[in-house]
Amino acid sequence: MVKIITDSTSDLSADLLERFNIDVLPLHILLGDEEFEDGKTITPERIYEWADENKTTPKTSAPSEVFAKELFEKNLAKYDELIVFTISFSMSTSGNVCRLAAEELEAEDKIHVVDSKNLSTGIGLLVVKAAELAKEGKNAKEILEVIDSLIPNVRASFVVDTLEYLHRGGRCSGLAAMMGTVLKLHPKIVVKDGAMLPEKKYRGAIDNVIMNYAKDMESEIKSAYKDRVFITHSGCDAKVVNSVKDYLKSLNIFDEIHETRAGGVVSSHCGPGTLGVLYIVK
């Protein structure tokens with residue numbers, strides 16, 4: 001039997017984690033001298049409050065190697081092999097921590113650490129697929145072959161309401177952030193080869209921008225696997241989220257449309273009002 005584990009950046013809901021028997025390894029969020037576990041001991045709202053008070057972006061750090069070892073050891077007592085998904089290796093040392101934990105346990109042959117080359121539910125799509133295959137009784141080699149073929153086909157992108165958080169995190173100049181606010185510019189950020197890149201700039205009220213962003217992907221969405229699509233956001237207005245959901249339903253493509261909240265890591269760097277539509281193309 002194979003157990004699926006993910007770090008907390010996959011932004012999966014509690015319902016999905018329970019449904020597919022997935023364990024989570026939390027990254028850490030640092031608000032000054034205080035350290036919190038992503039998804040466990042801090043909320044995005046607290047992160048925004050602290051960031052606005054201090055005019056800076058919270059630091060984020062990889063999971064604890066000690067906790068990773070404990071989690072892996074506990075699961076190796078019940079399962080033959082573990083598959084562990086982490087945020088893109090180029091974005092965090094989370095994957096390296098997991099590899100070191102596997103080495104410490106002398107279980108590198110049983111613990112398979114996957115570089116998702118993605119973030120948020122871009123990882124979550126792969127995690128859920130792996131969990132489905134594990135439920136079907138597939139072994140780790142069979143699961144990893146499928147996952148390796150899907151990684152390049154994950155489509156993860158999002159639009160940002162405010163450039164302030166990207167500026168604070170060093171991903172956007174102060175002038176660009178200021179001009180973006182004045183001109184009501186909202187960039188579309190895409191994940192390619194494990195890195196975040198700006199692809200397009202939308203202009204106007206964020207409600208309209210989000211709908212235009214979703215509709216611009218229609219032709220590609222029509223070539224997506226029908227299993228599921230994620231709408232992941234960092235605290236958008238419910239009416240806006242429901243509009244995107246209704247639009248995706250109207251396309252009659254997906255068996256499941258999941259709404260999830262972005263966790264502490266994505267929220268720290270992108271700020272409130274960020275929304276993404278994430279899926280896998282054939």
How long is the straight-line distance from [atom2] of [Y] back to [atom1] of [X], given to the nearest 0.5 Å?
X	Y	atom1	atom2	answer
S13	E18	OG	CD	10.0 Å
K74	L76	NZ	CG	11.5 Å
N212	K200	CG	NZ	8.0 Å
I280	D227	CD1	CG	7.5 Å
I83	I147	CD1	CD1	7.5 Å
R46	I29	CZ	CD1	12.5 Å

More than 12 heavy atoms of other groups within 6.0 Å of [X] [atom1]:
X	atom1	result
K188	NZ	yes
E53	CD	yes
K110	NZ	no
E106	CD	no
N54	CG	yes

Handout entry: Identified side chain to side chain contact (heavy atoms under 4.5 Å, CB included) partner of L71 from the options V66, L82, V84, D23
Key =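 Exactly one candidate clears the test, D23.
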Problem - Sole residue of V114, V24, V128 in side chain to side chain contact (heavy atoms under 4.5 Å, CB included) with T6 - result: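 Checked V114, V24, V128 against T6; only one passes side chain to side chain contact (heavy atoms under 4.5 Å, CB included): V24.
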For residues [X] and [Y], report the shortest heavy-atom separation together with the two atoms involved.
X	Y	result
M196	L119	SD-CD2, 3.6 Å
G204	V209	O-CG2, 3.9 Å
L25	P63	CG-CB, 3.6 Å
A130	I4	CB-CD1, 3.8 Å
R261	G235	NE-N, 3.4 Å
V244	I231	CG1-CD1, 3.9 Å

Exercise for the section: May I ask you to decide if V277's main-chain N or O and Y213's side chain share a donor-acceptor pair within less than 3.5 Å? Expected result: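 Yes.
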Practice task
Verify, without hydrogens or angle tests, whether S94 (side chain) and I87 (backbone) share a donor-acceptor contact under 3.5 angstrom.
Solution key: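 Not at all, since once roles are kept as given, no pair shorter than 3.5 Å links the two residues.
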Would you call [X] and [Y] a salt bridge, using N to O less than 4.0 angstrom?
X	Y	value
K117	D115	yes
E108	R99	no
E73	K3	no

Measuring only between side-chain heavy atoms, which start at C-beta, is [X] closer than 4.5 Å to [Y]?
X	Y	answer
P58	W50	yes
N96	F89	no
K239	D207	no
K129	L126	no
I189	L197	no

Same apolar cluster (I L V M F W Y, side chains within < 4.5 Å links), [X]/[Y]:
X	Y	result
L100	V113	no
F36	F67	no
V2	F72	no
F20	M1	no
L133	L17	yes

Problem - Intermediate values then yes/no, salt bridge (Lys or Arg N to Asp or Glu O under 4.0 Å), E132 and K135 - result: CA-CA 5 Å; E132 284 182 324; K135 268 190 164 186; over 6 Å; no
Problem - Audit row: I210, C236, side-chain contact (heavy atoms from CB on, under 4.5 Å) steps and yes/no - result: CA-CA 10 Å; I210 286 173; C236 291; 4.2 Å; yes
Practice task
Would you confirm whether the ring centroid of H186 sits within less than 6.0 angstrom of the ring centroid of Y202?
Solution key: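 No, too far apart.
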Exercise for the section: Let me see the working for L248 and I221 under side-chain contact (heavy atoms from CB on, under 4.5 Å), right down to the final yes or no. Expected result: CA-CA 9 Å; L248 291 173; I221 285 173; 4.0 Å; yes
Does a donor on one side chain sit under 3.5 Å from an acceptor on the other, for [X] and [Y]?
X	Y	answer
T260	D11	no
S234	S267	no
S268	T60	no

Practice task
Show your working on side-chain hydrogen bond (donor to acceptor under 3.5 Å, both in side chains) between T9 and D7 and close with a plain yes or no.
Solution key: CA-CA 6 Å; T9 60; D7 73 20; 2.5 Å; yes
Exercise for the section: Starting from the C-alpha separation in whole Å, work towards a yes-or-no answer on side-chain contact (heavy atoms from CB on, under 4.5 Å) for V240 and D237. Expected result: CA-CA 5 Å; V240 178; D237 185 277; 4.0 Å; yes
Exercise for the section: Verify side-chain contact (heavy atoms from CB on, under 4.5 Å) between V241 and H233, making sure each step is shown before the conclusion. Expected result: CA-CA 8 Å; V241 177; H233 64 92; 3.8 Å; yes
Problem - Audit row: E103, K69, salt bridge (Lys or Arg N to Asp or Glu O under 4.0 Å) steps and yes/no - result: CA-CA 10 Å; E103 287 175 16; K69 280 171 62 178; over 6 Å; no
